[in-house]
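Just so we're on the same page: letters track the sequence lines, and every chain starts at 1. Heavy-atom basis, side chains included; hydrogens, waters and symmetry copies ignored.
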There are 2 protein chains.
Amino acid sequence: MRLSAKADYACRAMAELASTSPPVKAERLATAQNIPLKFLENILLDLKHSGLVESQRGGDGGYWLARDASAITLADVIRAVEGPLAYVRGQRPESLDYTGAAGPLRDVWVALRANVRAVLEEVTLAHMSSGALPASVQELIRDAEAWHSH
Amino acid sequence: MRLSAKADYACRAMAELASTSPPVKAERLATAQNIPLKFLENILLDLKHSGLVESQRGGDGGYWLARDASAITLADVIRAVEGPLAYVRGQRPESLDYTGAAGPLRDVWVALRANVRAVLEEVTLAHMSSGALPASVQELIRDAEAWHSH
DNA sequence: CCCATAGTCCACTAAATTTATAGACTAAGT
DNA sequence: ACTTAGTCTATAAATTTAGTGGACTATGGG
């Protein structure tokens with residue numbers, strides 16, 4: 001399971017946007033988050049087309065969130081630049097059909113997506129800029145670290 | 001978040017292997033699961049190099065599981081052909097370092113991976129061939145379907 | 001014991017996607 | 001008018017994914 005650089009950049013740029021007073025220039029986001037400027041501009045355009053950010057041109061221009069940071073989840077951001085949250089072989093889990101022994105696999109992918117959603121739909125940009133992640137997510141991290149120290 | 005065709009094929013081939021008496025020829029797996037034969041051979045080679053399957057050449061050759069189906073998880077299979085279970089920009093979550101407002105993002109990716117693991121480390125090939133998925137996974141599916149019918 | 005055959009093994013090519021860049025254009029402020 | 005900065009299209013480079021051809025090897029028949 002892989003998350004693209006584009007999605008990672010988008011999340012970082014949005015986190016930065018959420019904690020800077022608007023409007024914010026693309027160049028500032030690029031240097032703050034170490035993202036190639038031109039690539040970032042493409043991403044911001046995707047985000048704008050999805051209605052997550054708004055912008056203004058000109059000397060005093062820049063970008064800002066289209067709605068409150070608490071009303072934008074990471075899932076929204078990722079979907080804006082990558083399409084569906086979780087897909088297998090370029091298709092949605094439910095549109096795959098498996099024959100023979102692989103039958104149950106479709107259900108596994110559905111479960112997998114549900115668990116991906118459980119994280120990405122919960123975390124908002126407000127969580128990001130406050131630094132306090134939702135309790136359910138924090139618990140996952142604690143468990144993961146406990147696991148790791150074994 | 002995307003799972004490659006290779007990983008999907010590998011899981012399907014292993015499910016088939018787990019429910020056929022050995023040795024099984026690559027061609028049989030390919031037709032049973034509708035996978036390009038030559039591509040499947042590459043995948044089987046990866047699986048062999050990871051120690052998940054064994055094989056024999058010659059007229060009466062074929063492939064079989066290197067250990068019991070209940071001791072091989074989908075996570076094992078995916079790691080064998082794709083590398084780390086969940087990675088971002090080609091790197092493991094914990095090796096990324098984020099500055100400024102994106103700081104908490106690293107933890108989000110860790111949580112995400114934990115939740116991916118919660119599914120893939122639980123499901124074994126024995127579950128696949130019996131058709132009975134683990135209870136925790138079944139619950140996720142029920143919730144996902146309830147969600148969908150809204 | 002050697003040959004023929006079936007089938008695995010490996011190196012390589014082709015296609016697709018992702019990542020990144022360049023430059024022309026448009027709007028906003030001074 | 002001039003400068004600054006977003007918008008958009010095209011395209012180039014790099015990486016990943018998908019797919020193929022042919023060499024190699026064990027087995028069974030003669």
Side-chain angles (χ1 to χ4, degrees), chain A residues 1-13 17 20 22-31 33-66 78 80-84 87-91, chain B residues 1-13 17 20 22-64 66 78 80-84 87-91:
Chain A
M1 300 233 71
R2 147 174 186 176
L3 198 73
S4 68
K6 200 171 178 181
D8 179 60
Y9 287 157
C11 291
R12 281 157 59 188
L17 258 189
T20 314
V24 190
K25 299 191 203 319
E27 189 176 6
R28 173 159 177 195
L29 295 173
T31 52
Q33 286 298 324
N34 232 335
I35 304 172
L37 174 60
K38 281 302 201 170
F39 194 31
L40 176 61
E41 284 180 355
N42 283 330
I43 292 167
L44 286 167
L45 219 48
D46 284 343
L47 292 169
K48 177 173 185 175
H49 291 157
S50 302
L52 296 181
V53 306
E54 294 174 347
S55 63
Q56 171 129 344
R57 304 195 196 196
D60 199 33
Y63 298 87
W64 60 89
L65 299 181
I78 292 173
V81 298
E82 257 200 358
Y87 53 105
V88 176
R89 295 182 58 207
Q91 303 205 304
Chain B
M1 299 236 71
R2 145 175 187 180
L3 199 71
S4 69
K6 199 171 179 182
D8 179 61
Y9 286 156
C11 291
R12 281 157 58 187
L17 257 190
T20 314
V24 190
K25 299 189 201 320
E27 188 176 6
R28 173 157 178 197
L29 295 174
T31 53
Q33 286 297 324
N34 232 335
I35 303 172
L37 174 60
K38 284 300 199 170
F39 195 29
L40 177 61
E41 285 180 356
N42 281 330
I43 291 166
L44 287 167
L45 216 50
D46 284 344
L47 292 168
K48 178 172 185 175
H49 289 155
S50 303
L52 296 181
V53 306
E54 294 174 349
S55 64
Q56 171 125 7
R57 304 194 195 194
D60 199 32
Y63 297 87
W64 60 90
I78 292 174
V81 299
E82 257 200 358
Y87 53 106
V88 176
R89 295 183 58 209
Q91 302 205 304

| Mapping B/Tyr9 and A/Leu44 to their closest nucleotides on DNA chain D, which lands nearer the 5' end? | A/Leu44
| query | Of the nucleotides D/dG6, C/dA20, D/dA18, which has the atom closest to the A/Lys25 side chain? | reply | D/dG6
| task | Would you mind reading off the distance between B/Lys48 atom NZ and C/dG7 atom C1', rounded to a whole angstrom? | result | 12 Å
| query | To the nearest angstrom, how far is B/Ile35 atom CD1 from D/dT17 atom P? | reply | 17 Å
| Between A/Leu29 and A/Ala13, what is the shortest heavy-atom contact and its length? | CD2-O, 4.0 Å
Between the protein and nucleotides 10-16 of chain D, list the N/O to N/O atom pairs that are separated by less than 3.5 angstrom.
none

| task | Strictly below 4.0 Å, heavy-atom distances to any atom of DNA chain D: list the hits from residues 51-59 of chain A, or just say none. | result | A/Ser55, A/Gln56, A/Arg57, A/Gly58, A/Gly59
| said: Using every non-hydrogen atom in the two residues, find where B/Ala26 and B/Leu44 come nearest and quote the distance to one decimal. | reply: CB-CD1, 3.9 Å
| request: May I have the distance from A/Leu37 (atom CG) to D/dG6 (atom P), rounded to whole angstrom? | output: 8 Å
| remark: Winner on side-chain proximity to A/Pro36, out of C/dT19, C/dT21, D/dT7, is C/dT21
| request: Say whether, by atom type as modelled, one donor and one acceptor occur between the side chain of B/Glu82 and the main chain of A/Met1 under 3.5 angstrom. | output: yes
| remark: On a heavy-atom basis, the closest approach of B/Ala5 and A/Arg89 is CA-CG, 3.3 Å
| message | Output the rounded distance in Å from CZ (B/Arg28) to P (C/dA6). | response | 18 Å
| field | Closest contact, heavy atoms only, A/Ala7 versus A/Val81 | value | CA-CG2, 3.8 Å
| field | Earlier contact from the 5' end, DNA chain C, for B/Arg89 and B/Gly62 | value | B/Gly62
| task | Taking the side chain as every heavy atom from C-beta outward, state whether A/Tyr9 and A/Lys6 have any atom pair closer than 4.5 Å. | result | no
| note | Whole-Å distance, A/Leu40 CG to D/dC8 P, equals 15 Å
| request: State whether the number of non-hydrogen atoms from other residues, nucleotides or ligands found under 6.0 Å of A/Glu27 atom CD is greater than 12. | output: no
| Can you find a donor-acceptor pair, distance only, under 3.5 Å between B/Lys38 side chain and D/dG22 base? | yes
| query | The side chain of B/Tyr63 lies closest to which of these nucleotides: C/dT19, C/dC9, D/dT7? | reply | C/dC9
| query | For the pair made of CE in B/Met1 and P in C/dT18, what is the distance, rounded to whole Å? | reply | 14 Å
| request: Output yes when at least one side-chain N/O atom of B/His49 is less than 4.0 Å from OP1 or OP2 of C/dC9, else no. | output: no
| said: Quick check: closest heavy atoms across A/Leu52 and A/Ala80, and the distance to 0.1 Å? | reply: CD1-CB, 4.0 Å
| query | To the nearest angstrom, how far is B/Phe39 atom CZ from C/dC10 atom P? | reply | 17 Å
| query | Can you tell which of C/dC9, D/dG19, D/dG6 lies closest to the side chain of B/Leu45? | reply | C/dC9
| Nucleotide D/dT4, atom P - distance to CD of A/Glu27 in whole Å | 11 Å
| task | Ignoring hydrogens and angles, tell me if any N or O in the side chain of A/Thr31 forms a donor-acceptor pair with the backbone of A/Arg28 under 3.5 Å. | result | yes
| Where is the tightest heavy-atom contact between B/Val53 and B/Tyr63, given as atom of each residue plus distance? | CG2-CD2, 4.2 Å
